[in-house]
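Residue indices begin at 1 and follow the sequence shown. Just so we're clear, the structure is a prediction, and the values are computed from it rather than from any experiment.
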Amino acid sequence: MSDPRILTVRPEPDAYAWTFGGAPPVARIAPGTVLDLYTEDCFAGRVRSEKDLVSEVCEFPFLNPQTGPFHVEGAEPGDTVAVHFVSIEPVRDWAASTTVPLFGALTSTHTTATLQPPLPETVWIWPLDRTRGTALFRAHDSDIEIELPLDPMHGTVGVAPANLEVRSALVPDAHGGNMDTPEMRAGVTCYLGVNVEGALLSLGDGHARQGEGETCGVAVECAMNTVVIVELLKGIATPWPRIESDTHIISTGSARPLEDAFRISQLDLVQWLVRDYGFGELDAYQFATQAVESPLANVCDTNYTCVAKLRKEWLPRRETHRGLHARLRESASGLRL
C-alpha cells in the first residue's frame with residue numbers, strides 16, 4: 001500500500017452525531033485514509049464524579065455521541081467498508097460507570113415492565129493507570145478495591161442504515177451501531193455492509209473495559225484517542241457486521257429476543273464459511289456447531305447483540321475479504337502519526 005492520507009478529527013462539543021443516518025458527513029475520505037479521532041464517552045463527558053447522576057447531567061436522547069459521519073468515496077450499496085482499529089487509547093486518567101433507572105439486564109425496564117421500583121442511580125468512577133494498563137474498581141459499600149487490566153474497545157461503530165432509516169446511536173442492528181462487543185479492540189478489522197452512497201461511517205462509545213453482556217448496561221466508559229484505517233471492498237456484500245482478528249473470524253447479530261440475535265450471528269457465520277472457505281451449507285452448520293464460541297456482547301440495549309467466532313487455525317487456508325485484514329495489519333505496523 002502507498003503512504004496513506006491521515007485525517008485528524010477533534011470534534012467541538014456541538015459537532016457530534018447522535019444517529020446513524022440523517023446526519024451530514026463531516027468529511028469525505030478516500031479509501032485507505034487513516035483517521036486519527038477523538039471520541040467522547042457515552043455521557044458526552046458530563047459524568048465526571050460520583051455526584052453526577054445521568055438523570056441530572058445528561059439530556060435524553062442525546063447520549064452516545066459519535067465522531068463522524070465520514071463519506072467514503074466510491075462506497076455504494078452492495079459494497080463493504082472495512083475499518084481496521086490501529087489503536088484505542090483512553091484520554092483521561094479516569095472513566096465512569098453507573099446504574100441507570102429502568103435500564104440494564106437485572107432490573108425492570110420500559111419494555112420489561114413490572115411493579116418493582118427502578119434500581120437506585122449510582123455512579124462509580126474508575127481511576128485508570130494508563131502507564132500500567134489498569135482500571136481500579138472501588139466498592140461503595142465496603143473497602144474492597146480490585147485492579148483489572150485495561151482492554152480498550154469501541155462499543156459503537158457503524159454506517160447509515162438501509163431504507164432511508166435513521167437509527168439512534170444507542171441501537172445496534174445490521175448497520176452496526178451500539179453492538180457493545182469487547183471484540184472491537186485494537187488489531188481487528190470490522191466489516192460493514194454499505195447501504196447508502198458514501199456509507200456514512202461513524203464511531204464512538206469508548207470503553208476502558210467491559211464484561212461480556214454489559215449486564216448493568218454501562219461499561220467503564222471513557223473518551224478515546226483512536227486511530228483507524230478505512231478501506232473499501234467493492235462488490236462484496238456484508239449483511240451483518242463481521243470482525244476479523246489475527247486468530248478468529250467473528251459474526252454478529254442484533255435483535256430481540258436474545259435467541260434471534262444468537263440465530264443471526266450463527267447463520268451469518270455459517271454463510272461466511274460457505275462463501276469464503278469452501279464448505280457446503282450443512283457441512284458448515286455441523287462444523288460451526290462443534291467449533292464455535294458464542295460470547296454475548298450486550299443484553300441491555302434496545303436490541304441485544306450476540307457474537308459467533310471461529311478460530312482461524314481450524315479453518316481451511318482460504319482468503320476472506322480479499323485478504324484485507326492481513327494487509328491492513330501490515331500497514332498499521334508501519335504507521336507513524
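- Note on Val34 and Leu324: same hydrophobic cluster, where clusters join Ile, Leu, Val, Met, Phe, Trp and Tyr whose side-chain heavy atoms are under 4.5 Å apart, directly or indirectly.
- In this structure, Phe103 CZ and Leu63 CG are separated by 9.0 Å, a value rounded to the nearest 0.5 Å.
- Lys309 contributes atom NZ, which lies 10.0 Å from atom OG of Ser294 (distance to the nearest 0.5 angstrom).
- Salt bridge absent: Glu244 and Arg322 never bring a charged side-chain N and a carboxylate O closer than 4.0 Å.
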Q: Start with the C-alpha distance between Val218 and Phe43, add both sets of side-chain angles, then the distance that settles side chain to side chain contact (heavy atoms under 4.5 Å, CB included), and finish with yes or no.
A: CA-CA 10 Å; Val218 185; Phe43 309 117; 3.8 Å; yes
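- Hydrophobic clustering of Ile, Leu, Val, Met, Phe, Trp and Tyr side chains at less than 4.5 Å, counting indirect connections, keeps Leu328 apart from Leu35.
- Contact between Asn195 and Pro77 at its shortest, heavy atoms only, is O-CG, 3.4 Å.
- Across every non-hydrogen atom of Leu150 and Ala135, the tightest pair is CD2-CB, 4.0 Å.
- Exactly one residue among Thr320, Thr80, Asp268 makes a side chain to side chain donor-acceptor pair (under 3.5 Å) with Arg242. That residue is Asp268.
- His140 places a side-chain N or O within 3.5 Å of a backbone atom of Val123 that can act as its donor or acceptor partner.
- Interatomic distance, Ile250 CD1 to Ser265 OG, rounded to the nearest 0.5 Å: 11.5 Å.
- Atom NZ of Lys312 and atom OH of Tyr277 lie 6.5 Å apart (nearest 0.5 Å).
- In this structure, Thr67 and Tyr16 have side chains that are in contact, with non-hydrogen atoms separated by less than 4.5 Å.
- Asp36 has a carboxylate O that lies under 4.0 Å from a charged side-chain N of Arg10, or vice versa, which qualifies the two as a salt bridge.
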(Q) Is there a side chain to side chain contact (heavy atoms under 4.5 Å, CB included) between Leu106 and Cys216? Walk through the geometry before answering. (A) CA-CA 7 Å; Leu106 301 183; Cys216 84; over 6 Å; no
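- Thr289 places none of its side-chain heavy atoms less than 4.5 Å from the side chain of Gln266.
- The environment of CZ in Phe287 is crowded: more than 12 heavy-atom neighbours from other residues, nucleotides or ligands sit within 6.0 Å.
- Judged by distance alone, the side chain of Thr122 and the main-chain N or O of Thr99 form no donor-acceptor pair under 3.5 Å.
- Here the closest non-hydrogen pair linking Val196 and Pro161 is CG1-O, 3.7 Å.
- Looking at Thr305 and Asn298, their side chains do bring a donor and an acceptor atom within 3.5 Å of each other.
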Q. For Arg92 and Glu40, what are the C-alpha separation, side-chain angles and deciding distance, and is it a salt bridge (Lys or Arg N to Asp or Glu O under 4.0 Å)?
A. CA-CA 11 Å; Arg92 304 173 181 130; Glu40 189 49 271; 2.9 Å; yes
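- Residue Ile88 is grouped with residue Ile243 when hydrophobic side chains (ILVMFWY) are merged at heavy-atom distances under 4.5 angstrom, including chains of intermediate members.
- Arg209 places a side-chain N or O within 3.5 Å of a backbone atom of Pro149 that can act as its donor or acceptor partner.
- The aromatic rings of Trp272 and His321 stand perpendicular to each other, their planes meeting at an angle above 60°, with 30° marking the opposite boundary.
- Considering Val83, Leu192, Val159 as possible partners of Pro241, the one that fulfils the side-chain contact (heavy atoms from CB on, under 4.5 Å) test is Leu192.
- Side-chain heavy atoms closer than 4.5 Å link hydrophobic residues (I, L, V, M, F, W, Y) into clusters, and following such links, even through other members, never connects Val171 to Val307.
- A heavy-atom distance below 4.5 Å is not found between the side chains of Leu170 and Pro61.
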Q. Does the pair Phe85 and Met153 meet the rule for a side chain to side chain contact (heavy atoms under 4.5 Å, CB included), with working shown?
A. CA-CA 9 Å; Phe85 287 85; Met153 52 161 282; over 6 Å; no
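- Looking only at distances, no side-chain donor or acceptor of Ser108 sits under 3.5 Å from a matching main-chain atom of Leu115.
- We find the CG-CD1 distance between Asp276 and Ile236 to be 7.5 Å, quoted to the nearest 0.5 Å.
- Here the closest heavy-atom approach between residue Gly253 and residue Ala261 is recorded as O-CB, 3.5 Å.
- Minimum heavy-atom separation, Cys300 to Gly104: CB-CA, 4.1 Å.
- Judged by distance alone, with hydrogens and angles left aside, the side-chain atoms of Glu121 form a donor-acceptor pair with the main-chain N or O of Val54 at under 3.5 Å.
- Put simply, the side chain of Asp205 never gets that close to the backbone of Asn64: no donor and acceptor are under 3.5 Å apart.
- Note on Leu203: it does not cluster hydrophobically with Tyr38, by side-chain heavy-atom contacts below 4.5 Å among ILVMFWY residues.
- Between the side chains of His248 and Glu293, at least one donor N or O lies within less than 3.5 Å of an accepting N or O.
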Q) Is there a side chain to side chain contact (heavy atoms under 4.5 Å, CB included) between Arg48 and Trp94 once you walk through the steps? A) CA-CA 9 Å; Arg48 307 179 69 88; Trp94 56 270; 3.9 Å; yes
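- The distance from atom CG of Leu201 to atom NE2 of His175, rounded to the nearest 0.5 Å, is 11.5 Å.
- Atom CD of Glu330 has 12 or fewer heavy atoms from other residues, nucleotides or ligands within 6.0 Å.
- Between Arg327 and Glu231 no salt bridge is recorded (no basic side-chain N to carboxylate O distance below 4.0 Å).
- The closest side-chain heavy-atom distance from His207 to Val220 is not below 4.5 Å.
- Checking Glu183 against Ser245 by side-chain atom types alone, no donor-acceptor pair falls below 3.5 Å.
- Without hydrogens or angle criteria, Arg130 side chain to Val91 main chain gives a donor-acceptor distance under 3.5 Å.
- Counting only heavy atoms from C-beta outward, the side chains of Trp240 and Asp173 approach each other to under 4.5 Å.
- At least one side-chain heavy atom of Arg138 sits less than 4.5 Å from a side-chain heavy atom of Pro127.
- Between Phe62 and Trp18, the ring planes lie perpendicular to each other; the angle is over 60°, past the 30° to 60° tilted range.
- Within a 6.0 Å radius of CD in Glu319, other residues, nucleotides and ligands contribute more than 12 heavy atoms.
- Glu214 places a side-chain N or O within 3.5 Å of a backbone atom of Ala219 that can act as its donor or acceptor partner.
- Asp301 contributes no side-chain N or O that, together with a main-chain N or O of Tyr304, makes up a donor-acceptor pair within less than 3.5 Å.
- Using a distance-only test at 3.5 Å, with no hydrogens or angles considered, no donor-acceptor pair links the side chain of Thr181 to the main chain of Met184.
- Checked by atom type, the side-chain pair Thr226/His154 shows a donor-acceptor distance below 3.5 Å.
- Looking at heavy atoms from C-beta onward, Asp79 lies in side-chain contact with Lys234 at the 4.5 angstrom threshold.
- Closest approach of Ser87 and Ala186 over heavy atoms only: CA-CB, 4.1 Å.
- In this structure, Phe262 places its CZ atom where only 12 or fewer heavy-atom neighbours from other residues, nucleotides or ligands lie under 6.0 Å away.
- Put simply, the side chain of Cys222 does not reach to within 4.5 Å of the side chain of Trp126, judged on heavy atoms.
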